Every structure is written in C-alpha cells, then in structure tokens.
Student: 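What follows is a single structure, and I will ask about it in a moment.
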Amino acid sequence: VQLQASGGGLVQAGGSLRLSCAASGLTFSNYVMGWFRQAPGKERELVAGIGRSGGTTYYAGSVKGRFTISRDNAKNTVYLLMNSLKPEDTAVYSCAADRRTATQTLRTMKPDGMNFWGKGTQVTVSS
C-alpha cells in the first residue's frame, strides 16, 4: 500500500494550497481518509476526515470554514483545499487511511489507529 501526498509549499498568509494524496495497493473506497498535521514541538493532530463515499466530512475547529476535504474514488485520491491560510497552519501534512472507523465517527480518528500512512508534505505559511 502506498499513499503519496503532494501539493505542499510556501505561501503567504491569506493564500491557498491544495494537497493531494494518491493511494495505491488498496481498495480505496473501503477506507475512510484523514489529513493530519504536525507542527514542530507539537503532537500530530487530525485536521479533516472524510467517509468512504465522500458524503460525510469532519473538520477540526481550527480549520472549519477554511479547509475542504474531498475524494475521488475513481482516481483513488483524497484532496485538502486550504484557503485563508494562517502562519499557525504551518506543519507537515500527512494523509492516512483507516478501514475500521465508521463514517459517523470520523472525529475519533487518531494517529495510532490508522491503518496506512503517506509521507508528509511540508506547508509553510509566512506572515
């Protein structure tokens, strides 16, 4: 199984980025997907999650209204559109897949409970 994240970079505050995570080696539609981030000196946190069909989403309070998670099961890809970026959004962003989490409980996804992880992509927001 491989999860390949891309799309990170350096952006000014107020700007936008779209992250992509392409999956292979698994039946993508059987997995809920999550985007996590880890800033220096901080624990990894769940940013957004999406159910298997894409119809249900969850956002952490710090990003709600600014970030949008989506997925394309035909392309085995999950996306994270990040608007109105703030310096505090600076972190390494990683995608992860979990087969066990129910769609109704996306908010409960935790780093140590995910089945598969992709390599992170750095997002840096300058002030």
Side-chain angles (χ1 to χ4, degrees):
V1 174
Q2 284 194 328
L3 301 177
Q4 183 65 50
S6 61
L10 173 63
V11 64
Q12 287 188 331
S16 298
L17 283 174
R18 189 179 83 152
L19 306 183
S20 299
C21 173
S24 60
L26 76 171
T27 304
F28 186 66
S29 59
N30 285 348
Y31 291 78
V32 299
M33 299 297 296
W35 282 100
F36 292 77
R37 69 184 180 187
Q38 187 167 23
K42 295 188 177 181
E43 292 188 355
R44 185 175 286 179
E45 62 174 348
L46 176 64
V47 174
I50 190 165
R52 292 167 177 81
S53 67
T56 303
T57 56
Y58 164 80
Y59 298 95
S62 59
V63 307
K64 198 167 186 178
R66 300 188 296 122
F67 289 12
T68 303
I69 188 171
S70 61
R71 67 189 294 163
D72 185 338
N73 285 348
K75 295 182 178 180
N76 288 1
T77 302
V78 61
Y79 306 95
L80 185 68
L81 176 61
M82 306 183 293
N83 293 324
S84 302
L85 282 162
K86 304 176 181 180
E88 51 263 43
D89 294 319
T90 295
V92 175
Y93 286 71
S94 303
C95 59
D98 181 23
R99 184 160 186 173
R100 295 161 296 185
T101 295
T103 296
Q104 298 86 345
T105 57
L106 293 174
R107 66 177 61 244
T108 67
M109 287 194 289
K110 298 189 186 306
D112 58 0
M114 305 303 285
N115 293 132
F116 303 109
W117 284 91
K119 188 177 179 181
T121 184
Q122 176 71 45
V123 172
T124 303
V125 185
S126 63
S127 57

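What's counted below: heavy atoms across the whole structure, side chains too, no hydrogens, waters or symmetry copies. Numbers here simply count residues along the sequence, with the first being 1. The structure presented is a predicted model; accordingly, all values stated were derived computationally and were not measured.
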Student: Evaluate the side-chain proximity of Leu85 to Gln12: yes if any heavy-atom separation is below 4.5 Å, no if none is.
Tutor: no

Student: Is the backbone of Leu81 close enough, under 3.5 Å, to the side chain of Thr68 for a donor and an acceptor to pair up by distance?
Tutor: no

Student: Taking it one step at a time, do Leu19 and Met82 satisfy side chain to side chain contact (heavy atoms under 4.5 Å, CB included)?
Tutor: CA-CA 8 Å; Leu19 306 183; Met82 306 183 293; 3.7 Å; yes

Student: In terms of hydrophobic clusters joined by side-chain contacts under 4.5 Å, are Tyr58 and Leu80 together?
Tutor: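 No; Leu80 is not reachable from Tyr58 via cluster members.
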
Student: Return the CE to CE distance between Met33 and Met109, rounded to the nearest 0.5 Å.
Tutor: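 That separation rounds to 9.0 Å.
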
Student: Does the Arg100 side chain pair with the main chain of Gly113, one donor and one acceptor, at a distance under 3.5 Å?
Tutor: yes

Student: Any sub-3.5 Å donor-acceptor pair from Thr124's side-chain atoms to Leu10's backbone N or O?
Tutor: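 Not confirmed, Thr124 side chain does not pair with Leu10 backbone.
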
Student: Kindly give the heavy-atom pair with the smallest separation between Ala13 and Pro87, and that separation in Å.
Tutor: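 Looking at all heavy atoms of both residues, the shortest contact is CB-CD, 4.1 Å.
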
Student: Taking all non-hydrogen atoms of both residues into account, name the closest pair between Asn73 and Ser29 and its distance.
Tutor: ND2-CB, 3.7 Å

Student: May I have the step-by-step check of side chain to side chain contact (heavy atoms under 4.5 Å, CB included) for Leu26 and Tyr31, ending in yes or no?
Tutor: CA-CA 9 Å; Leu26 76 171; Tyr31 291 78; 3.5 Å; yes

Student: Go through the structure and list residues passing side-chain hydrogen bond (donor to acceptor under 3.5 Å, both in side chains) with Thr101, not counting sequence neighbours.
Tutor: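 Asp98.
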
Student: How would you list, by chain and number, every residue that makes a ring pair (Phe, Tyr, Trp, His ring centres under 6.0 Å) with Phe36, sequence neighbours excluded?
Tutor: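 Phe36: ring pair (Phe, Tyr, Trp, His ring centres under 6.0 Å) contacts with Trp117.
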
Student: Any link between Tyr93 and Ile50 through a network of hydrophobic side chains (Ile, Leu, Val, Met, Phe, Trp, Tyr) touching at under 4.5 Å?
Tutor: yes

Student: Let me confirm one number: the CG-CZ distance from Leu17 to Phe67, rounded to the nearest 0.5 Å.
Tutor: 9.0 Å

Student: What about Tyr59 and Val32, same hydrophobic cluster or not, with Ile/Leu/Val/Met/Phe/Trp/Tyr joined at side-chain heavy-atom distances under 4.5 Å?
Tutor: no

Student: What is the minimum heavy-atom distance between Leu46 and Ala60, and which atoms define it?
Tutor: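 The pair with the smallest heavy-atom distance is O-CB, 3.5 Å.
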
Student: What pair of heavy atoms forms the shortest contact from Thr77 to Ser20, and how long is it?
Tutor: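 It is CG2-CB, 4.4 Å.
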
Student: To the nearest 0.5 angstrom, please state how far the SG atom of Cys95 sits from the OH atom of Tyr79.
Tutor: 12.0 Å

Student: To the nearest 0.5 Å, what is the distance between CD (Gln4) and OG (Ser6)?
Tutor: 7.0 Å

Student: Taking Arg44 for its side chain and Asp112 for its backbone only, find out whether a donor-acceptor pair lies under 3.5 Å.
Tutor: no

Student: Can you see which heavy atom on Cys21 is nearest to which on Leu3, and at what distance?
Tutor: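 Answer, listing the atom of Cys21 first, then Leu3: SG-CB, 3.9 Å.
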
Student: A side-chain contact here means heavy atoms from C-beta on lying under 4.5 Å apart; do Thr56 and Leu106 qualify?
Tutor: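 Of all side-chain heavy-atom pairs linking Leu106 with Thr56, at least one is under 4.5 Å.
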
Student: Any side-chain donor-acceptor pair under 3.5 Å between Asn83 and Ser16?
Tutor: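 Looking only at side-chain atoms, Ser16 and Asn83 do form a donor-acceptor pair, the distance falling under 3.5 Å.
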
Student: Can you tell me if CD on Gln122 sees more than 12 non-hydrogen neighbours from other groups inside 6.0 Å?
Tutor: yes

Student: Does Ala22 offer a backbone N or O that forms a donor-acceptor pair with the side chain of Asn76 under 3.5 Å?
Tutor: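 Not at all, since once roles are kept as given, no pair shorter than 3.5 Å links the two residues.
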
Student: Enumerate the residue pairs fulfilling salt bridge (Lys or Arg N to Asp or Glu O under 4.0 Å) with a member in residues 72-91, sequence neighbours excluded, ordered by first and then second residue.
Tutor: Arg37-Asp89, Arg66-Asp89

Student: Quick one: does NZ or CZ of Arg71 land under 6.0 Å from the six-membered ring centre of Phe28, within 45 degrees of the ring axis?
Tutor: yes

Student: Is there side-chain contact between Ile69 and Val78, with heavy atoms separated by less than 4.5 Å?
Tutor: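 Answer yes - side chains close enough.
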
